[in-house]
Amino acid sequence: MKQDTLYQYILGIADNSLILGQRLGELCGHGPTLETDIAITNISLDLIGQTRSYYQYAAGLCDDGRTEDDIAFLRKEREYRNVLLVEQPNTHFGYVMVRQFFFDVFHLLFLKELQQSSDETLVAIANKAVKEVTYHQRFSSDWVKRLGDGTKESHEKIQEAVDDLWRYTEGLFYVTEVESAAVKDGIGVAVSSLKDAYYEHIKSVLTEATLSVPEHSFFQKGGKDGIHTEHMGYLLSDLQYMQRTFPNMNW
Amino acid sequence: MSDTEVKNLEELFEARIARDEKIEPKDWMPEKYRKTHIRQISQHAHSEIVGMLPEGNWITRAPSLRRKAALLAKVQDEAGHGLYLYAACETLGISREELYEQLHSGKAKYSSIFNYPTLTWADMGAIGWLVDGAAIINQVPLCNTSFGPYARAMVRVCKEESFHQRQGYEIMLTLCNGTDEQKAMAQDALNRWWWPSLMMFGPTDAESTHTEQSMKWKLKRKTNDELRQQFVDQTAPQADILGISIPDPELKFNEETGHYDFGPIDWDEFWQVVKGHGPCNKERLKARVDAWEGGAWVRDAAMAYAEKQENKKVAKAS
Amino acid sequence: MKNNWPLWEVFVRSKNGLEHRHFGSLHAADAEMALDNARDVYTRRSEGVSIWVVESKNITASNPSENGEMFEPAHDKVYRHPTFYNLPDEVKHM
């Protein structure tokens with residue numbers, strides 16, 4: 001397998017963690033209780049930690065001296081490979097938890113497959129991340145149930161989030177050329193094979209939470225090919241602000 | 001209880017504290033002791049959670065992943081410290097919600113330093129170095145204060161805070177070893193945070209109202225002016241190492257006293273900010289009120305869900 | 001706001017072989033959440049391997065005003081302590 005494909009493949013995984021970690025970072029200090037603030041920050045820190053491991057590995061594959069921060073901060077919007085789901089804004093706590101839940105279920109299935117990769121470094125990263133994400137999934141599933149089966153108001157709010165974010169779930173299973181190549185080489189995960197298990201799990205939790213599963217199948221494409229939603233540009237202007245304003249400096 | 005009985009109890013109580021015994025929540029205590037502790041501990045807790053806001057302002061814009069993770073962890077610690085302190089305060093018979101109510105209505109105070117804006121990345125360095133530095137000087141003696149829950153909370157807080165100041169100083173050091181533009185950014189942050197940091201120790205001893213009582217109850221070990229002097233003495237050489245200058249033309253080491261002399265503090269500014277007219281008082285309070293009110297439906301939902309689950313359990317058992 | 005999250009007490013075993021020790025308190029709507037919150041609040045720096053949580057209202061505490069009758073009677077029972085008994089120095093390991 002060519003190094004470039006591996007490099008692109010790693011970024012495709014890592015960008016999800018970076019962008020979701022960034023989104024969660026916006027919430028620090030603004031949550032409904034101190035306890036939830038602390039919990040959500042822990043998830044954000046896990047994701048940023050994973051991002052760093054992936055980017056450090058990717059940076060090492062290039063012989064031009066680039067660093068994890070070059071990869072994180074100095075790409076154009078089109079070069080970020082994250083799915084659309086993770087860049088969606090923190091509209092309210094219901095959105096935060098549904099976005100997290102929709103991603104966590106995928107993330108855990110994905111990491112369990114990545115543990116079987118022929119690439120030792122990716123296996124090592126997955127081994128560590130799988131424990132973190134198991135906890136994330138437990139946390140977000142519990143909250144989906146609490147909000148779904150809580151009060152009338154919370155039920156309506158989280159149903160709104162489910163209905164709204166549903167259209168971004170299918171994008172998790174879109175297979176890029178880079179991914180196909182990585183799968184062929186025994187390195188990558190065949191995400192399309194995770195789809196049935198994913199929707200089965202999602203549906204069972206939503207049902208337990210007394211929420212209805214959206215029936216439509218009008219899904220949004222993009223993200224992994226570098227075409228993002230309008231939210232992405234603003235997220236990146238925050239993320240990249242320092243590196244763009246003061247280029248080539250150490251921080 | 002008769003007045004004489006209360007007086008006897010009070011004497012016994014003061015004697016216990018003088019012998020360095022700890023007071024625990026269910027022990028008898030004078031009403032004034034309870035009230036003073038609720039005021040001071042909650043003020044401290046409020047400072048922690050309002051203090052999350054100026055630094056939280058830079059989490060999404062941190063210039064590297066390493067800095068982003070460290071800043072997130074630091075702001076998260078502040079939430080934890082607020083939580084420990086609210087819990088200590090709750091042992092005195094007041095709920096966290098009541099304490100929030102006091103904060104949100106403007107009845108309770110918090111440290112004025114957090115009413116200043118964070119305008120550049122260097123402010124993350126200056127806050128860690130100066131604000132946390134000043135906080136540590138204020139807090140370390142409280143690990144031995146007379147009220148057990150407060151002392152225990154402070155032991156935990158001080159242990160966890162040891163990385164905060166280093167984190168800030170390292171940011172300053174990196175800037176000062178960087179480009180001219182970065183060094184100017186560091187100098188600018190020092191210029192803006194220096195005087196507010198000195199104000200963190202409170203009014204001068206002559207103006208301070210609570211000092212004597214606080215000394216007796218070990219809420220204070222040294223006076224405001226002594227602590228402020230200690231801060232200046234330890235910080236001035238650290239600025240020299242960074243190679244940036246403290247914005248005080250009168251700052252000079254005094255060979256005779258062994259301390260740094262420094263210029264007069266603008267107390268008008270201090271009182272203006274304390275009274276709610278600092279640059280960010282309104283924004284800080286609004287952010288806290290919005291978080292609390294905006295989160296009400298989430299807290300209610302969790303309680304409703306817990307109740308339903310409990311009822312299900314009971315129904316199953318019968 | 002009608003009803004706020006109740007208060008819980010958190011006990012953490014810092015490593016196997018040690019007892020659970022009281023670490024502090026927090027608020028949570030139910031036991032599962034209390035456990036999760038305790039994990040996030042009190043073991044961020046690897047302080048624990050096991051957590052107990054109990055709702056604060058379920059703890060029954062002795063009253064300090066009864067400390068006299070509760071605890072002082074034990075003070076003069078010195079024969080419960082090994083140093084009460086005099087043995088010659090030659091006797092080892094006892």
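Quick note on labels: first sequence line is chain A, next is B, and so on, each numbered from 1. Worth knowing before you read on, the calculation uses all heavy atoms, side chains too, and leaves out hydrogens, waters and symmetry mates.
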If I measure from the heavy atoms of chain A, does [X] come under 4.5 Å with its side chain, its backbone, both, or neither?
X	value
B:Arg67	side chain
B:Ile49	side chain
B:Thr179	side chain

query: Heavy-atom distance under 4.5 Å to chain B: side chain of A:Ile48, backbone, both or neither?
result: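 The answer is the side chain of A:Ile48.
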
- request: Classify the ring geometry between B:Trp58 and A:Tyr241 as parallel (under 30°), tilted (30 to 60°) or perpendicular (over 60°).
  value: tilted

- request: Give the ring-plane orientation class for A:Phe103 versus A:His107, where under 30° counts as parallel, over 60° as perpendicular and anything between as tilted.
  value: tilted

field: Pairing of A:Glu87 and A:Arg23 as salt bridge, 4.0 angstrom limit
entry: no

- request: Check whether NZ of the Lys or CZ of the Arg A:Arg75 lies under 6.0 Å from the centre of the six-membered ring of A:Tyr80 and within 45 degrees of that ring's axis.
  value: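 Yes, cation above the ring, under 6.0 Å and within 45°.
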
Looking at [options], which makes the most heavy-atom pairs under 4.5 Å with chain B?
options	answer
A:Gly29, A:Gly94, A:Gly21	A:Gly29
A:Phe73, A:Phe93, A:Tyr55	A:Phe73
A:Ile40, A:Asp37, A:Asn250	A:Asn250

- prompt: Taking everything shown except B:Asn311 itself, do over 12 heavy atoms lie less than 6.0 Å from its CG?
  reply: yes

